[in-house]
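Worksheet: the structure to be examined is printed underneath.
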Protein chains: 2
Amino acid sequence: MAKRVEAKASLPSPRKSPRPPKRAPKRAAERIRESARDLFYRQGIRAVGVDEIVSHAGVTKPSLYRSFPSKDELAADYLRHMGEDGLARFDATLAANPSDPRGQLRVWLVQLQAKSAKRDYRGCGTTNAAVEYPDRKHPARKVASDIKGRFRARLTALAARMGARKPDRLGDALLLLFEGVYASGQLFGAGGPARVVIEAADALIDHHLKR
Amino acid sequence: MAKRVEAKASLPSPRKSPRPPKRAPKRAAERIRESARDLFYRQGIRAVGVDEIVSHAGVTKPSLYRSFPSKDELAADYLRHMGEDGLARFDATLAANPSDPRGQLRVWLVQLQAKSAKRDYRGCGTTNAAVEYPDRKHPARKVASDIKGRFRARLTALAARMGARKPDRLGDALLLLFEGVYASGQLFGAGGPARVVIEAADALIDHHLKR
DNA sequence: GATCTATGTTACCGATCGGTACGTCACCTG
DNA sequence: CAGGTGACGTACCGATCGGTAACATAGATC
């Protein structure tokens, strides 16, 4: 389950003003989170040991295990944070101009395409985690499935706002395309198939709007 | 590099007729290959230890290391075999009716869609391996990149045979779709986005043929 | 200052990792 | 039968895996 662990700044009564907890409350757990995020995304979860994480974070192992019950739960926490951030960024991009969903999707796609062309692009950390942990009972896999399901729902809603006759089918078609960008981006690099994603998305949207 | 290791049947001089090597030459190496193929695909390469492989194959570790120089090379061999088989199946499907490339692609897609809907579908082992081994110097990753590059070339050639004005762009768009099926198939299972892949492929092909 | 709590550190655990030294056994050749 | 040739198995290697016990230390509260 891995309920969030930090946030102990708020439990002492808010009397003294200057600095309630200041030193400790942020250090270990948050540094571990940041290190895990970097290392897990770039190298994969299974490839990174807890020793490497704590060493990268400048802390020691017991500090990790006081904030996270296990490596699996740390991985789940990593996926939860990354997934929520990703969904929030997607929402924010779409919300920037609510009257033009198609144009805003294009904005998001331009960013995705740019990222996918960078060397050492590693695709979607959520998808990668599902590849690394096929067992559906695994904590990391459960978070990955949850995030992906919510992203799929957003694409269906977006397709509806664009006026698709079958929004769920357009949403799914777009999701196929995006997952293709994640995979082929890390496989082929800059000149890879991801270069055509915007044209392809346009074609699929047109297909679902006309007629 | 991992040059194939078996094939020692041919080196004794062909004098005696009945059975030159008979007992040993197939057993250990091939059993290991089959076990590795099953276990690597279903659980992932990193998740499977050499002990599990040899135990599943009913042999012992030294037998593995006599036929394969390392686990990494065994993984590369697994990817090489699976990739070649996959490319050959693709070619065979297309060759079954050379005058109708679009129809034959649809045949291949129907099969892909059916596989992707089965429970415990694990996507494309080649893509999965690239996710597990981001290091481009890794033997498994090199094989994965090679296979994917050849598949991409086939899709471009197929798009050309279908009469696309920009075959490389249609081929890449289709590849995005297929990689999306691999990923979303194992993420969402039977009712997932892969259900729309045929309609989406049709829309993309139409887009590249008309005008 | 005494105490409590939360965080940090040293040193260690058993299990498992990929990999190997070495002996055994079956079989073919002389 | 003597000896060579491979394939196979027993038993083991050091390294690393995820995880923990025991102790030190610093800050807040009384």
Side-chain angles (χ1 to χ4, degrees), chain A residues 2 5-33 36 39-40 43-55 57-76 132-133 138-140, chain B residues 5-32 36 39-40 43-55 57-76 132-133 138-140:
Chain A
V5 183
E6 84 289 11
K8 46 227 149 195
S10 54
L11 50 94
S13 60
R15 293 184 300 171
K16 294 277 178 83
S17 56
R19 44 166 182 68
K22 183 179 170 184
R23 164 163 156 277
K26 161 73 171 302
R27 275 237 277 266
E30 213 53 36
R31 290 176 64 92
I32 290 168
R33 235 188 285 265
L39 297 171
F40 281 162
Q43 301 177 225
I45 297 172
R46 293 197 115 110
V48 176
V50 291
D51 292 283
E52 189 177 356
I53 294 173
V54 298
S55 153
V59 300
T60 54
K61 264 200 282 190
S63 295
L64 190 159
Y65 282 98
R66 266 188 289 265
S67 296
F68 305 92
S70 68
K71 184 198 174 183
D72 287 347
E73 291 297 338
L74 174 61
E132 287 197 273
Y133 295 96
H138 192 283
Chain B
V5 182
E6 80 286 15
K8 48 227 146 195
S10 53
L11 50 92
S13 61
R15 293 183 299 172
K16 295 276 179 85
S17 56
R19 44 166 182 69
K22 180 182 169 184
R23 164 164 153 276
K26 159 73 171 300
R27 274 239 277 268
E30 213 51 38
R31 291 176 61 91
I32 290 168
L39 297 171
F40 281 162
Q43 301 177 221
I45 298 172
R46 295 196 112 110
V48 175
V50 291
D51 292 282
E52 189 176 355
I53 295 173
V54 298
S55 153
V59 301
T60 55
K61 262 198 286 190
S63 293
L64 189 157
Y65 283 97
R66 265 184 293 267
S67 296
F68 305 92
S70 67
K71 184 197 173 185
D72 287 346
E73 291 297 340
L74 173 60
E132 288 198 272
Y133 294 97
H138 192 283

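Keep in mind the model is a prediction, meaning the values are calculated, not measured.
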Interatomic distance, B:E30 CD vs D:dA7 P [rounded to whole Å] | 14 Å

Can you sort out the partners of B:T60 under side chain to side chain contact (heavy atoms under 4.5 Å, CB included), two or more places apart, ordered by chain and number?
-> B:P62, B:S63

D:dA7 phosphate, OP1 or OP2: any side-chain N/O from B:S63 under 4.0 angstrom?
-> no

Shortest non-hydrogen contact between A:E52 and A:Q43, atoms and distance | OE2-OE1, 3.2 Å

When you compare the protein's N or O atoms with those of nucleotides 16-18 of chain D, which come within less than 3.5 Å of each other, and at what distance?
| unit_1 | atom_1 | unit_2 | atom_2 | d |
| --- | --- | --- | --- | --- |
| D:dG18 | OP1 | A:K71 | NZ | 2.8 |
| D:dG18 | OP2 | A:V50 | N | 2.9 |

Check if the side chain of B:R66 and the base of D:dG6 share a donor-acceptor pair of N or O atoms closer than 3.5 Å.
-> no

Would you find a donor on one side and an acceptor on the other, under 3.5 Å apart, between the side chain of B:R46 and the backbone of A:E132?
-> no

Sequence neighbours left out, what passes side chain to side chain contact (heavy atoms under 4.5 Å, CB included) with B:A75? Give chain and number order.
-> B:F40, B:I45, B:A140

Under the salt bridge (charged side-chain N to carboxylate O under 4.0 Å, His left out) test, residues paired with A:D51 that sit two or more places apart = A:K61

Gap between atoms CG and C1', on A:L64 and D:dA21 respectively (whole Å) | 17 Å

Can you name the nearest heavy-atom pair linking A:V59 to A:I32, along with the distance?
-> CG2-CG1, 3.8 Å

